[in-house]
Amino acid sequence: GPLLHAENLHKTYRSTPALEGAGLAISAGEIVAVMGPSGSGKSTLLQCMAGIVRPDSGTVTYDGRVLSELGDAERSRLRRADFGFVFQFGQLVPELTCVENVALPLRLAGRRRRDAEQAALPWLERLEIAGLAGKRPGEISGGEGQRVAVARALACSPRVVFADEPTGALDSLNGERVMELLTAAARQSRAAVVLVTHEARVAAYADREIVVRDGRTRDLESSR
Ligand code: ADP
Ligand code: ADP
């Protein structure tokens with residue numbers, strides 16, 4: 001069955017309905033684009049699937065476990081160990097160099113500095129930013145920063161990468177480069193990718209697209 005499966009999710013923020021019966025199943029190694037207009041519920045769907053937001057009803061099953069049935073500590077342990085995240089703005093730690101940023105999740109997982117940074121370097125190479133290892137986020141471009149964010153998301157060998165508008169702040173050339181590198185790295189590590197985007201040319205990198213409208217999902221096409 002699917003590695004990650006959201007079924008019939010409902011979520012209302014105060015009086016604003018965000019999800020009204022959304023669902024998505026994703027298999028290991030699969031890249032799925034979640035499309036739809038602004039405010040349709042894409043980010044809320046991603047956050048429910050990542051165990052960040054608790055749906056009012058419906059279930060998210062990851063690797064045979066229902067996320068809402070896990071304790072908070074177990075859920076955050078799982079998020080840290082099995083999931084990687086890329087957001088619209090890289091959210092890099094400004095005080096840390098690029099290699100330190102990529103190594104940070106490994107440090108937080110308990111690895112020693114030298115060991116974590118050694119493990120981070122091949123990811124910088126894979127994202128073609130090895131030359132930036134010693135620079136800080138303030139010294140690099142937006143596109144380079146997103147590549148650092150992708151390297152950081154992949155460095156702890158996640159089984160699922162959640163990418164929410166990862167190219168939203170980039171021009172189209174840099175956006176396409178980030179998508180090429182993100183999808184190549186994810187395919188190489190057989191990670192599933194939940195890719196939230198409102199741009200068709202970004203969604204084109206996925207194996208499959210679904211559309212969210214008014215909090216409900218539907219398949220756009222079964223496969224490419
Ligand atoms: P999308 O990612 O498609 O733009 P979102 O999931 O961010 O959609 O938002 C869906 C709806 O839920 C919108 O009406 C949005 O304003 C609302 N919403 C999202 N997050 C919150 C929040 N933390 N508090 C209140 N309303 C929210
Ligand atoms: P050390 O044992 O060397 O102090 P730490 O794990 O405390 O190692 O921190 C290593 C580096 O990562 C430090 O520069 C620290 O400021 C930074 N760091 C650790 N945790 C976080 C975090 N959650 N957010 C940002 N920076 C962090």
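Just so you know, ligand 1 is whichever comes first in the structure, and atom 1 is the first atom listed for that ligand. For the single chain, residues carry numbers from 1 onward in sequence order.
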Nearest to atom 9 (O) of ligand 1, what protein heavy atom do you find, and at what distance?
Thr44 OG1, 4.0 Å

The protein heavy atom nearest to atom 10 (C) of ligand 1 is Gly39 O, 3.4 Å

Within 4.0 Å of some non-hydrogen atom of Ser43, the atoms of ligand 1 are 1 (P), 2 (O), 6 (O), 7 (O)

Distance-only, no hydrogens or angles: does the Thr217 side chain make a donor-acceptor pair with backbone N or O of Gly23 under 3.5 Å?
yes

Between Thr16 and ligand 1, find which residue part has any heavy-atom pair under 4.0 Å and reply side chain, backbone, both or neither.
side chain

Region of Arg14 that comes within reach of ligand 1 [heavy atoms, distance under 4.0 Å]
side chain

May I ask you to check whether Pro17 has an N/O atom sitting below 3.5 Å from an N/O atom of ligand 1?
no

Number the atoms of ligand 1 from 1 as they appear, then name those within less than 4.0 Å of a heavy atom of Ser40, with their elements.
1 (P), 3 (O), 8 (O)

Calculate, to the nearest 0.5 Å, the distance between atoms CG and CD1 belonging to Leu124 and Ile129 respectively.
5.0 Å

Enter the distance from Arg208:CZ to Ile31:CD1 here, rounded to the nearest 0.5 Å.
11.5 Å

Mark up the atoms of ligand 1 that fall under 4.0 Å of a heavy atom belonging to Lys42, in ascending order.
1 (P), 2 (O), 3 (O), 4 (O), 6 (O), 8 (O)

Distance to 0.1 Å, residue and atom name: give those for the protein heavy atom nearest to atom 8 (O) of ligand 1.
Gly41 N, 3.1 Å

Distance-only N or O hit between ligand 1 and Ala18, under 3.5 Å:
no

On a heavy-atom basis, the closest approach of Pro37 and Lys42 is O-NZ, 2.9 Å

Return the residue, atom name and 0.1 Å-rounded distance of the protein heavy atom closest to atom 25 (C) of ligand 1.
Tyr13 CB, 3.3 Å

Give the atom numbers and elements of ligand 1 that come within less than 4.0 Å of a heavy atom of Pro37.
3 (O)

Within 4.0 Å of some non-hydrogen atom of Ser38, the atoms of ligand 1 are 4 (O)

Carboxylate-amine/guanidinium contact Arg136 Glu139, below 4.0 Å
no

Classify the angle between the aromatic ring planes of Tyr62 and Phe83 as parallel (below 30°), tilted (30 to 60°) or perpendicular (above 60°).
perpendicular

Close side-chain approach of Gln146 and Leu182, heavy atoms under 4.5 Å
no

